[in-house]
2 protein chains.
Amino acid sequence: MELGPTGKAILGTLSFGPKTGYEIKSMVDRSTRFFWAASYGQIYPELRRLADAGLIEGTDAPQGGRQRKEYRLTGAGHEALLRWLDSPPETYEMRHEGMLKVFFAGGLEPAGQVQRLRDMAEQHRRKVSALREVEEAAGKSPDSLPYLVLRFGIESNEWIADWCEREAAARWNRVAAPRT
Amino acid sequence: MELGPTGKAILGTLSFGPKTGYEIKSMVDRSTRFFWAASYGQIYPELRRLADAGLIEGTDAPQGGRQRKEYRLTGAGHEALLRWLDSPPETYEMRHEGMLKVFFAGGLEPAGQVQRLRDMAEQHRRKVSALREVEEAAGKSPDSLPYLVLRFGIESNEWIADWCEREAAARWNRVAAPRT
DNA sequence: ATTCTCATGTAATTGGTTACATGATTGC
DNA sequence: GCAATCATGTAACCAATTACATGAGAAT
């Protein structure tokens with residue numbers, strides 16, 4: 001069976017233990033979201049498909065009168081996860097509107113061009129803050145891979161923000177300042 | 001009129017001069033593709049929509065018996081582009097399967113975990129090579145924004161590759177080597 | 001002759017978000 | 001009593017890729 005994008009995230013998340021669709025969503029939001037998102041509209045239908053394919057198993061586990069279905073990996077699901085993990089990656093895509101604006105910003109005045117770079121810097125700084133909050137809430141665990149990935153998020157966004165600020169300053173000096 | 005993702009790329013590309021759908025595609029592939037892609041299946045229908053909305057204008061410009069339609073910005077299109085350019089960015093998304101694998105790689109042996117990091121490094125090194133080829137073909141033009149963005153692609157992918165190699169080495173020393 | 005590049009377009013499918021509908025439990 | 005959180009799910013819509021169908025001109 002071919003694993004779709006959201007299926008990969010679900011199997012991976014369930015490898016940390018049984019979860020409901022709701023819990024999967026909130027775990028994804030707190031961890032992989034900045035490079036691999038998933039919405040309810042993808043998660044619930046995909047849970048059903050994975051269950052039909054025998055990779056996960058759902059059991060009713062209501063709390064009080066509250067409907068609740070917990071899913072866990074089956075043997076086949078665990079194998080599928082390992083097969084996927086143990087192969088080189090394929091997908092790497094980006095949609096970065098800030099960069100696109102910089103690319104086409106030649107029609108703006110120098111101040112506007114520089115502003116687009118600063119916007120980008122700010123956007124990435126905000127991302128750093130958000131990830132740092134996750135870090136504080138979850139605590140630092142130097143050997144864990146999820147923590148490694150979190151650090152990647154923090155450090156890469158920091159690098160990008162620094163880069164944008166550096167280039168904004170350089171551009172301001174070269175292009176705008178000499179005219180004024 | 002709300003500008004869709006591909007519409008933004010089209011208007012921007014046309015701001016460098018009139019182009020056919022085919023030319024737009026190949027320009028995007030050589031420039032914004034690494035952070036903003038577009039396929040024929042998006043471009044041609046979008047060209048029609050933009051023309052219907054009066055933002056671009058298409059004129060038949062066949063070469064010999066070869067069908068060919070050249071589009072250029074209208075006044076309204078130019079304004080729409082500036083309006084979009086002159087506002088802070090929204091979209092910033094990633095789909096990074098390599099990172100996702102690292103995140104869930106705890107079930108692999110240490111050698112496998114490290115290998116996933118090295119895979120990522122290699123993937124980003126390849127991206128650097130591809131972008132460097134673009135750089136050589138196009139030449140360096142220090143003041144141009146498209147060139148600035150290209151440098152961003154090269155330098156950021158280099159940073160990521162370095163990061164992955166550094167972390168792969170660190171992890172190998174801490175986790176794997178002590179055991180052997 | 002054959003392949004490559006230029007050129008336009010559509011159809012099928014996949015992937016994804018957003019908004020909606022519904023309802024129970026918990027904490028203030 | 002009310003808001004927040006837990007919980008499941010669907011429908012409408014939007015975005016995008018892939019593959020296909022077609023054909024001319026240029027280069028080898």
Side-chain angles (χ1 to χ4, degrees), chain A residues 1-10 13 18-30 32-52 56 58-71 90-97 100 137, chain B residues 1-10 13 18-30 32-52 56 58-71 90-97 100 137:
Chain A
M1 189 221 184
E2 285 304 307
L3 230 38
T6 303
K8 294 166 186 174
I10 290 177
T13 303
K19 273 168 194 56
T20 66
Y22 183 85
E23 286 166 341
I24 291 171
K25 171 80 162 81
S26 65
M27 188 182 159
V28 163
D29 281 346
R30 273 177 290 113
T32 71
R33 188 179 183 249
F34 75 90
F35 64 91
W36 201 278
S39 64
Y40 289 127
Q42 282 292 108
I43 289 170
Y44 284 110
E46 185 69 15
L47 281 171
R48 169 173 291 260
R49 275 191 297 273
L50 291 171
D52 288 348
I56 63 175
T59 47
D60 284 314
Q63 273 184 354
R66 190 196 269 161
Q67 182 182 188
R68 197 164 167 280
K69 209 188 253 174
E70 235 175 31
Y71 291 91
E90 307 99 53
T91 305
Y92 174 53
E93 282 159 47
M94 250 208 274
R95 271 269 129 148
H96 198 313
E97 193 167 2
L100 194 68
Chain B
M1 187 223 184
E2 286 304 306
L3 229 37
T6 303
K8 295 164 185 174
I10 291 177
T13 303
K19 273 166 193 57
T20 66
Y22 184 84
E23 287 165 340
I24 291 170
K25 171 80 162 84
S26 65
M27 188 182 160
V28 163
D29 281 345
R30 274 177 288 113
T32 71
R33 189 179 182 251
F34 75 91
F35 63 94
W36 201 276
S39 64
Y40 288 127
Q42 282 293 107
I43 290 170
Y44 283 111
E46 185 70 14
L47 281 171
R48 168 173 291 259
R49 274 192 297 271
L50 291 170
D52 289 347
I56 63 176
T59 48
D60 283 315
Q63 275 186 352
R66 189 196 271 162
Q67 181 184 189
R68 195 164 169 280
K69 206 187 256 174
E70 236 173 32
Y71 292 90
E90 308 99 52
T91 304
Y92 175 54
E93 281 159 46
M94 250 208 274
R95 273 263 131 149
H96 198 313
E97 193 167 1
L100 195 68

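Order of the sequence lines sets the chain letters (A, B, ...), proteins ahead of strands, with each chain counted from 1.
Contacts of Gly21(A) with the nucleic acid, taken as non-hydrogen atoms under 4.0 Å apart, involve only primed sugar atoms and P, OP1 or OP2. Gln42(A) comes within contact range of at least one nucleobase, with a heavy-atom separation under 4.0 Å. Among the atoms of the strands shown, none is found under 4.0 Å from any heavy atom of Ser26(B).
Residue Arg48(B) contributes atom CZ, which lies 16 Å from atom C1' of dA7(C) at whole-angstrom precision. Nucleotide dT22(D) holds its P atom 17 Å from the OH atom of Tyr44(B), rounded to whole Å. Between Glu90(A) atom CD and dT17(D) atom P the separation is 17 Å, expressed in whole Å. At whole-Å resolution of the value, CD in Glu93(B) and P in dG15(C) are 16 Å apart. Distance Glu46(B) CD to dA15(D) C1': 10 Å, rounded to the nearest Å. Atom OH of Tyr40(B) is separated from atom C1' of dT18(D) by 13 Å (rounded to the nearest Å). In this entry the distance linking CG of Asp29(A) with P of dG16(C) reads 14 Å, nearest Å. At whole-Å resolution of the value, CZ in Arg30(A) and C1' in dC6(D) are 13 Å apart.
Within the 4.0 Å cut-off from OP1 or OP2 of dA16(D), at least one side-chain nitrogen or oxygen of Thr6(B) is found.
Toward the 5′ end of DNA chain C lies the nearest nucleotide of Ala38(A), the other residue of the pair Gly65(A) and Ala38(A) mapping further downstream.
Just one residue in the list Lys19(B), Arg49(B), Glu46(B) forms a side-chain contact (heavy atoms from CB on, under 4.5 Å) with Ile10(B), and that residue is Glu46(B).
Proximity note for Ser39(B) (side chain, C-beta onward) versus dA16(D), dT8(D), dA24(D): the nearest is dA16(D). Of the candidate nucleotides dA7(D), dG16(C), dA16(D), dA7(D) has the atom lying nearest to any side-chain atom of Gln63(A). When the nucleotides dA7(D), dT10(D), dA7(C) are ranked by their closest atom to the side chain of Pro45(A), dT10(D) comes out on top. For Arg66(A), whose side chain is taken as the heavy atoms from C-beta onward, the closest listed nucleotide among dG9(C), dG15(C), dT5(D) is dT5(D). When the nucleotides dG9(D), dA7(D), dG9(C) are ranked by their closest atom to the side chain of Tyr22(A), dA7(D) comes out on top. Taking only side-chain atoms of Pro5(B), from C-beta outward, the nucleotide of dG23(C), dG9(C), dA16(D) with the closest atom is dA16(D).
Other residues, nucleotides and ligands contribute only 12 or fewer heavy atoms inside 6.0 Å of the CZ atom of Arg33(B).
Under the 4.5 Å side-chain criterion, counting only non-hydrogen atoms from C-beta, Trp36(B) is in contact with Arg95(A). Annotation: side chain of Leu100(A) is in contact with side chain of Phe35(B) (closest heavy-atom distance under 4.5 Å).
Ion pairing between Asp52(A) and Arg48(A) fails under the 4.0 Å rule for side-chain N and carboxylate O.
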